[in-house]
Amino acid sequence: KALLGGGHGHGCTLAMFGQWSSRGALVSIAETPEDAVLHWEKTPGGAIRLMWLHLPSLGSLGYARETVLQVSAPDLTAVCKTYRRYVKEKGRFKSWEEKTAERPNLEHLFGAAIVFTGYHQDPELDFAGSLRRLKALGIDKAYVYPVYMGCALNPEKAMGVRLADYRAQLSVLKELGYAAGSFIYIMDGAPEGRGDEDLLLNEEGKPRVGWRIKEVTWHVFSAQKRKAWAERFLEAEHEELQGVHFDVLCSCGLKEDYHPGHRSDARQDWQSRAEILQAAGRRGLIVSSEGFWDRMTPFYDLGNSKYAQALGGDEYCVVPMTMLVFHDSAYHTWWEVDNYNNPEHRAQFGRGYLPRMPWGGGFARAQAAMDALMGTPPDLFPFGMQYGFVPRNHPDIYVYKYRLDDAAVQAAIALARPVMELNRRVGKLELVAHTLHRPDGALQETSFADGTRVVANFATVELEAPGVGRLPPESWKRLH
């Protein structure tokens, strides 16, 4: 048994699930998702039981809860398209065409690589020279971040390294046609006022711990304090930047605040987070956050964290549901440190030790195949400096670097280029269909609104693909 939802609301990328037999399907939608979690159960006989479980709000069921059931044809595409129609009927879908009309900076995304350069300023790195070499290696379009890194609580003293600030090289990025983005962490920090007035309090009236690195502790901010920090960073630090990434804003569960000065429930927390994203959008920025959250897609453009390993034996397989609903509205991308060439964070949170659904970066061929199947941009960490947690010794850290000449980086760039070309072709289009050619998920196919088809082999052996022939291990092919 498991509860999926990270506490109050959220934890599921889509607020729906589907179940089907040979005769038909039922789509179950959490219309009031802020205090809902998904109950998942596998019986001794192998049956899967799912339901939305609605939690108390500030200790009581004080408002009406709603689960919507809709009938669908019995396959994955039909279930996702049923949900897509529902989202549109509710006015919660905003297309790339609508978004780019309001924010032309979004045009930087289509056909680009997402290029992560680490949280930390690397004093030994020739940043400008590395950017020029990256362009020469065929990464002709890129969204580069963090060109500026900001935290509500500065950890530099404890970590022994500076936060990244490469804004002196903005002219080089502009010369190359690359877009520049920030990375800001506003959810947690240290109180600036008296006592706990800036902090969110739990049911016992105590501050919540949000994060730890070495001896530094971040406490969870109140919604008001988060918004104040967001406004501060957006106002003071984003001149000439084209994008902003909000760390954990859309990935951690909604929280209740029992502070008598700013008591609030999960619905108010959701509203506060949406307003932060909207404020960034009004500045014309590309807006992204950790976590893909379907209810936030009208307000942001990139939601990260996904699985590279599609195969789950006879129990499950990973399929592109988020993009069957939202590909022509928002992209489901990789966690910022799960780049094609970067396996360093597989041990973080014990992810690589999980008996089911292990995840992380550095699975370059599988990740490129997944991006092709989903129609999403590739993700590279070609140069820069980043911290990681010592495996099994959180919160102790170490620092590592990448350079363009690293073999893993060169291999990742070669895999990224054809994914960029595919995204340039289909990046704004609806992902219209998905086919599971094998029940274990090893061979999958998607098609886009212009007729482009992608077939991906996620197995570590060559497989025969319908209409394609033999497809090499962990590879993909475009058909039209």
Side-chain angles (χ1 to χ4, degrees), residues 20 22 73-81 84 110-113 138-139 306-328 331-334 340-341 357 359 361-380 410-480:
W20 60 87
S22 60
D75 64 68
L76 181 73
T77 297
V79 164
C80 290
K81 296 307 178 183
R84 175 184 168 93
F110 308 112
I139 305 302
K306 62 185 180 184
Y307 292 99
Q309 302 300 315
L311 279 67
D314 60 356
E315 287 194 317
Y316 68 87
C317 61
V318 175
V319 291
M321 294 175 67
T322 50
M323 295 296 88
L324 280 166
V325 181
F326 288 107
H327 183 264
D328 49 341
Y331 288 151
H332 192 172
T333 57
W334 301 101
Y340 282 16
N341 58 289
M357 302 186 84
W359 53 316
F363 300 107
R365 292 176 60 85
Q367 288 179 266
M370 186 62 76
D371 276 330
L373 188 75
M374 299 177 77
T376 47
D379 198 301
L380 304 170
Q410 291 288 317
I413 289 172
L415 289 165
R417 288 194 297 263
V419 178
M420 292 167 62
E421 183 56 38
L422 175 66
N423 181 257
R424 184 175 287 116
R425 178 187 182 117
V426 303
K428 295 181 182 180
L429 303 178
E430 180 184 353
L431 181 59
V432 295
H434 172 269
T435 303
L436 202 62
H437 287 302
R438 290 172 56 106
D440 61 2
L443 206 58
Q444 301 187 39
E445 180 177 337
T446 52
S447 57
F448 295 85
D450 67 343
T452 297
R453 295 165 52 208
V454 173
V455 181
N457 175 12
F458 294 103
T460 55
V461 295
E462 185 178 71
L463 291 176
E464 183 79 22
V468 177
R470 292 186 175 274
L471 201 58
E474 296 183 322
S475 70
W476 62 278
K477 186 172 183 179
R478 176 175 67 84
L479 306 170
H480 193 337

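In what follows, residues are counted from 1 in the order of the sequence shown. Worth saying up front: this structure is predicted, and the values here are computed from it rather than measured.
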Heavy-atom closest pair, residues N423 and G111: OD1-N, 2.8 Å

side-chain contact (heavy atoms from CB on, under 4.5 Å) assessment of D440 paired with C317: CA-CA 6 Å; D440 61 2; C317 61; 5.9 Å; no

Closest approach of P466 to R453 (non-hydrogen atoms, all atoms of both residues): O-NH2, 4.5 Å

From L431 atom CG to R84 atom CZ, the distance as rounded to the nearest 0.5 Å: 9.0 Å

Shortest non-hydrogen separation from A412 to N341 and the atoms involved: CB-CB, 3.8 Å

Check: E445 and H434 side chains under 4.5 Å, non-hydrogen atoms: no

Test side-chain contact (heavy atoms from CB on, under 4.5 Å) applied to L463 and V468, N457, L471, the passing residue: N457

Interatomic distance, D379 atom CG to Q367 atom CD [nearest 0.5 angstrom]: 8.0 Å

Aromatic plane relationship, Y307 with W359 - under 30° parallel, 30 to 60° tilted, over 60° perpendicular: tilted

Note, V455 side chain near R478 side chain (heavy atom, < 4.5 Å): no

Side chain K306, main chain H332, donor-acceptor under 3.5 Å: yes

Sidechain-backbone polar pair: D328 side chain, L429 backbone, donor-acceptor under 3.5 Å: no

Euclidean distance, C80 SG relative to M321 CE, rounded to 0.5 Å: 4.0 Å

Residues K81, E430: salt bridge by 4.0 Å N-O rule: yes

Spatial distance of atom CD (E315) from atom CE (M357) [nearest 0.5 Å]: 11.0 Å

Short side-chain to backbone donor-acceptor contact, T446 and L373, under 3.5 Å: yes

Pairwise side-chain contact, L422 with P418, heavy-atom cut-off 4.5 Å (strictly under): no

Distance in Å, F363 CZ paired with E474 CD, rounded so as to fall on 0.5 Å steps: 9.0 Å

Heavy-atom side-chain contact between K477 and V454 under 4.5 Å: no

Shortest non-hydrogen contact from A310 toward M370: CB-CE, 4.0 Å

Validation row: F110, V426 side chains within 4.5 angstrom (heavy atoms): no

Modelled atom types, side-chain donor and acceptor of H437 and Q444, under 3.5 Å: no

Polar contact flag, side-chain donor to acceptor under 3.5 angstrom, T452-R425: yes

Any side-chain donor near an acceptor of the partner, D371 and W476, under 3.5 Å: no

Non-hydrogen atoms of M374 and P320 that approach each other most closely: CG-CB, 3.7 Å

Side-chain heavy atoms of F458 within contact of R438, under 4.5 Å: no

Polar side-chain atom of Y331 near backbone of F326 as donor-acceptor pair, under 3.5 Å: no

Residue pair A112 / P377: nearest heavy atoms and the distance that separates them: O-CB, 3.5 Å

V318 side chain reached by Q309 side chain, heavy atoms, under 4.5 Å: no

Test item: L76 and W20 side chains (from C-beta on) under 4.5 Å apart, heavy atoms: yes

